[in-house]
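A short write-up of the structure that comes next.
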There are 2 protein chains.
Amino acid sequence: MAASITLAVSTVIFALRPHPDTGHLALWLPLVRRIRSPHKGQWALPGGPLRADEDLAASAARNLRDTTALTPRYLEQLFAFGRPDRSDNRVAPENRTVSIVYWALVHADVASAGVESDNVHWFLAEDVPTLAFDHNQIIEYALWRLRNKMEYSRIATAFLGETFTLSELREVHEVVLERTLDPANFRRQIETSGDVIATDEFRMGGRHRPARLYRHNHSIELADNGPLTGR
Amino acid sequence: MAASITLAVSTVIFALRPHPDTGHLALWLPLVRRIRSPHKGQWALPGGPLRADEDLAASAARNLRDTTALTPRYLEQLFAFGRPDRSDNRVAPENRTVSIVYWALVHADVASAGVESDNVHWFLAEDVPTLAFDHNQIIEYALWRLRNKMEYSRIATAFLGETFTLSELREVHEVVLERTLDPANFRRQIETSGDVIATDEFRMGGRHRPARLYRHNHSIELADNGPLTGR
DNA sequence: CCAAAAGTGTTCATGGTACACCCATGG
DNA sequence: CCATGGGTGTACCATGAACACTTTTGG
C-alpha cells in the first residue's frame, strides 16, 4: 500500500473571559474531544481535513464557526506542522498528517459561552490539559505569537466590542502580556498611535469619573502582514 | 474521479553577489525551469512534492541542495499557500496544490556560481521575470520578510563567511534594506548587541586603515523564533 | 602628502518609564 | 466628605540619528 499524506487545518482560538477564581479577565481557548483514533477521547485543537475547493483561511474560519458559533475578529496563519512522526499513529504508520494551523481572536460575549457541549469545552490558557498529537506545543507557539503581536500591532481591539474605554484596552494588554502597564503612559501611547478614535460617549456607572469611549480605526489593518494582506 | 490535493514544498533562496553593472553587492535568487505542464518552460521556485517520510524543512533543504549544491545558512518557513485556484491547471481542474514555502539564505562563494545549467539560473531579485503560478507574489512576500528580519535579528551574518569586517556586515544590511546606514552608528549598534565577537585579525590590503575582523556569536540564535527553535 | 575607509566623540531629538498631581463621579 | 479610577504634567533615561573629528593604511 502506498504511503499517503493527509492535509488538515486546525485553529487555535483565543478569547478573554473572567477567571472563575479571581473574576479578572483571563485567556481562554476552546478544545474539542476526539471522537476517533488515534487519541480517541483526548482533547485537541478544532480542525479537520481541508475540503476539496476550500481556501486554507476559509477552512480555519469554518472550524471556528463550527466549534464556537463565532466569527473571527482576527485570523492569521500560524505555522505548518509536518514532522513525519507527529501523528503517532500506530494503526497506520505509513500515513502521516501535515497540519496547517491558524490562530484566531474572537469576542466572546455571553451568548457564545453557552455553545459548550460534551465535546467542546473552553479551557484557561494557563491550564490546558495534555492534548492529542503535538497540540500542546502548537498552543505554546500560538501564545508566543499572540504576545509578540500584542506589543507591536493593534490586535488587542479584536478582543473587545465596537467601543471600549482605554482601561479596558489596557486590561487586554495586561492579561495577555502578564504584566501591569502604567495607565498614564499607556493612554498616551495609544492616543498618539492613531489606532483608536475618541467618541463623544462615556462609560458611566463606576464610582469614579466616567471614562471616554473609543472605537478602533478601521482604516488601519489590525496587523501589518505586508504583501499578504487580505489573502 | 475524486478531487485530490497535492502537497509540495518550495524554497525561496537568497544570496548576495556583485551586480553585473555596478559591481556592488546585490540580492540574487535561483529559479528552475519547469519541465512539465502546467507552465512548462516557465521559470519557477525550486521545489517538489513532499516525500513520504520527509520533514518539511528537510524537504526544503533538499530542494536547495539539488538546485544550488549549497547548504542553507538560515532556513525558515515562510507561509503555506493554498488558494484553490492558484495552480491554474486547465488540464485537471479538480486537482489543486498546497505549497509550503520556505526561505533560505546561503553564502554564495565563487564555486557555487558554476552550478548554473540550462534549467537553473540565478536572477537579480529586482529583475525576476514572470514566473509560474503565484511564485512572483511569493517572492515579494519573502523579500518583505527578509527585510523585516534584517532589522531586528542577526540573519545578515548568514550571507557572510566565518569572519567579516563591520563594513562588510553593514553592506549586507544596506543592500537588503536599500538604504545607506551611518557607519559610526552601525558599528556601535552591532558592538553593543553582542551578536558579533572581535578577533585579533585585520583585513589588510585596502588603501586605508585595516579593518578588524569579527565572527558571529554562535551562542545566539540567528533569529528568535520562540518555542519553534530547532524544529 | 593625499585619499579613503576605520574608528571615536559629541550633540540632539525621540520615545519610553516613573511618578506626582488634578478631575469627576458614586456613595 | 472620601474612595476610586480617569486623565494631565513633567522629569528622567535610554536609544538612535547626525555629523565632526582622529587614525592608519596604500599610493
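No hydrogens, no waters, no symmetry mates; every other heavy atom, side chains included, goes into these values. Quick note on labels: first sequence line is chain A, next is B, and so on, each numbered from 1.
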Rounded distance in Å - CD (E168(A)) to C1' (dG6(D)):
13 Å
Are any of S167(B)'s side-chain N or O atoms less than 4.0 Å away from OP1 or OP2 of dA6(C)?
yes
So, for R17(A) and W28(A), which heavy atoms are closest and what is the spacing to 0.1 Å?
O-NE1, 3.0 Å
In this structure, how many angstroms lie between the P atom of dG5(D) and the CD atom of E171(A), rounded?
11 Å
In terms of the angle between their ring planes, are W43(B) and F123(B) parallel, tilted or perpendicular, with boundaries placed at 30° and 60°?
perpendicular
Round to a whole Å and report the spacing from CZ of R170(A) to C1' of dG6(D).
10 Å
Spacing between F186(B) atom CZ and dA6(C) atom P, to the nearest angstrom:
12 Å
H173(A) NE2 to dG16(C) P: how many Å, rounded?
12 Å
State which residue, out of I13(B), T11(B), N119(B), fulfils the side-chain contact (heavy atoms from CB on, under 4.5 Å) condition with T67(B).
I13(B)
4.5 Å side-chain heavy-atom contact, Q137(B) and P227(A):
no
Under 4.0 Å, heavy atoms only, any strand: does T165(A) hit a base, just the sugar-phosphate, or nothing?
nothing
Over how many whole Å does the gap from F202(A) atom CZ to dG6(D) atom P extend?
13 Å
Please give, in whole Å, the distance from dT10(D) C1' to R187(A) CZ?
17 Å
Looking at the side chain of A211(A), which of dG6(D), dG7(C), dA5(C) is the nearest nucleotide?
dG6(D)
So if I define the base as every atom that isn't primed, P, OP1 or OP2, how would nucleotides 17-27 of chain C read as a B/S/- string at a heavy-atom cutoff under 4.0 Å?
BBB---BBBBS
Using 0.5 Å steps for rounding, measure from the CG atom of L181(A) to the CZ atom of F186(A).
6.5 Å
For E191(A) and dT8(D), give me the distance from atom CD to atom P, rounded to whole Å.
6 Å
Would you kindly say whether N148(A) and R145(A) are connected by a side-chain donor-acceptor distance under 3.5 Å?
no
Would you mind telling me which of T157(B), V12(B), I155(B) makes a side-chain contact (heavy atoms from CB on, under 4.5 Å) with L105(B)?
I155(B)
